[in-house]
Amino acid sequence: DAKTTQPNSMESNEEEPVHLPCNHSTISGTDYIHWYRQLPSQGPEYVIHGLTSNVNNRMASLAIAEDRKSSTLILHRATLRDAAVYYCILLQNYGGSQGNLIFGKGTKLSVKP
Amino acid sequence: EAQVTQNPRYLITVTGKKLTVTCSQNMNHEYMSWYRQDPGLGLRQIYYSMNVEVTDKGDVPEGYKVSRKEKRNFPLILESPSPNQTSLYFCASRIRTGGPYEQYFGPGTRLTVT
């Protein structure tokens, strides 16, 4: 399975933008890049996904490098509620294990008031 | 409201006493799965199901059973629980296999086996 590499932790100030990086140098052409987050004492929550183009939704933006070997999740204005572990996951879109999310250790984001 | 529910949320049991953790989704999703989360090991998939009567092993299936008799339900069965199955368990669902569909997670079941 293609792997992702994320920093263990990051800090941000409230109301400032946050850029969470993810490296996935062995990504295959059909792998989607998904981001999930897990708030304390909750189940993981979908944030955003993309394939080749940058994506925006109400929660965040996803910037994907042209060679697709890295991506960045952007929270435009961090709030205290955004403190969570953020997971960058490559979703295989082929074979019998389609749809199986393989979680790494993620990045623990702390937001300071 | 679209959701995945799990019961019970908390369970303390003893070694060897069979238990079932229920999972139900109200979104007519084909795909469902179970994960366990342990400190330092992260989230690992136990079993998944691509549709009714279709189940397959994930990364850590030993000691667990599942069944998928109805589309909405995907119970996790521990026939003879052991202390190393003490963990936080999450059920999840998505509309179908294949394609970049988001996965919805339940609130979790914290299991302690003594």
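Note on naming: letters A, B, ... go to the chains in the order of the sequence lines (proteins, then strands), and numbering restarts at 1 for each one.
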field: B:Arg44 CZ: over 12 foreign heavy atoms closer than 6.0 Å
entry: yes
- prompt: Which of residues 56-71 of chain A get closer than 4.5 angstrom to chain B, counting heavy atoms alone?
  reply: none
- request: Would you kindly confirm whether A:Tyr86 and A:Leu80 end up in one hydrophobic cluster when ILVMFWY residues are joined by side chain heavy atoms under 4.5 Å apart?
  value: yes
- request: Might you confirm whether atom NZ of B:Lys71 has over 12 heavy atoms from other residues, nucleotides or ligands at distances under 6.0 Å?
  value: yes
query: Counting N and O atoms only, with roles assigned by atom type, does the side chain of A:Lys105 sit under 3.5 Å from a partner on the main chain of B:Gly42, one being a donor and the other an acceptor?
result: no
- prompt: Linking I/L/V/M/F/W/Y whenever any side-chain heavy atoms sit under 4.5 Å apart, do A:Val47 and A:Met10 land together?
  reply: yes
message: I'd like to know if the side chain of A:Tyr36 and the backbone of B:Gln103 have a donor-acceptor N/O pair within less than 3.5 Å.
response: yes
message: Would you say B:Met50 ends up clustered with B:Phe74 if hydrophobic residues are merged whenever their side chains have heavy atoms under 4.5 Å apart, either directly or through other cluster members?
response: no
Validation row: B:Phe105, A:Leu101 side chains within 4.5 angstrom (heavy atoms): yes
field: Under 4.5 Å from a heavy atom of chain A, the part of B:Tyr101 involved
entry: backbone
field: Sub-4.5 Å side-chain heavy-atom contact between B:Phe90 and A:Gln38
entry: yes
- request: Kindly state whether the ring of A:Phe103 and the ring of B:Tyr35 have centres lying under 6.0 angstrom apart.
  value: yes
query: What about B:Tyr104 and B:Ile46, same hydrophobic cluster or not, with Ile/Leu/Val/Met/Phe/Trp/Tyr joined at side-chain heavy-atom distances under 4.5 Å?
result: no
query: Can you get from B:Leu111 to B:Leu43 by hopping between Ile, Leu, Val, Met, Phe, Trp and Tyr side chains that sit under 4.5 Å apart?
result: no
statement: So, the part of B:Gln37 with a heavy atom under 4.5 Å from chain A: the answer is side chain
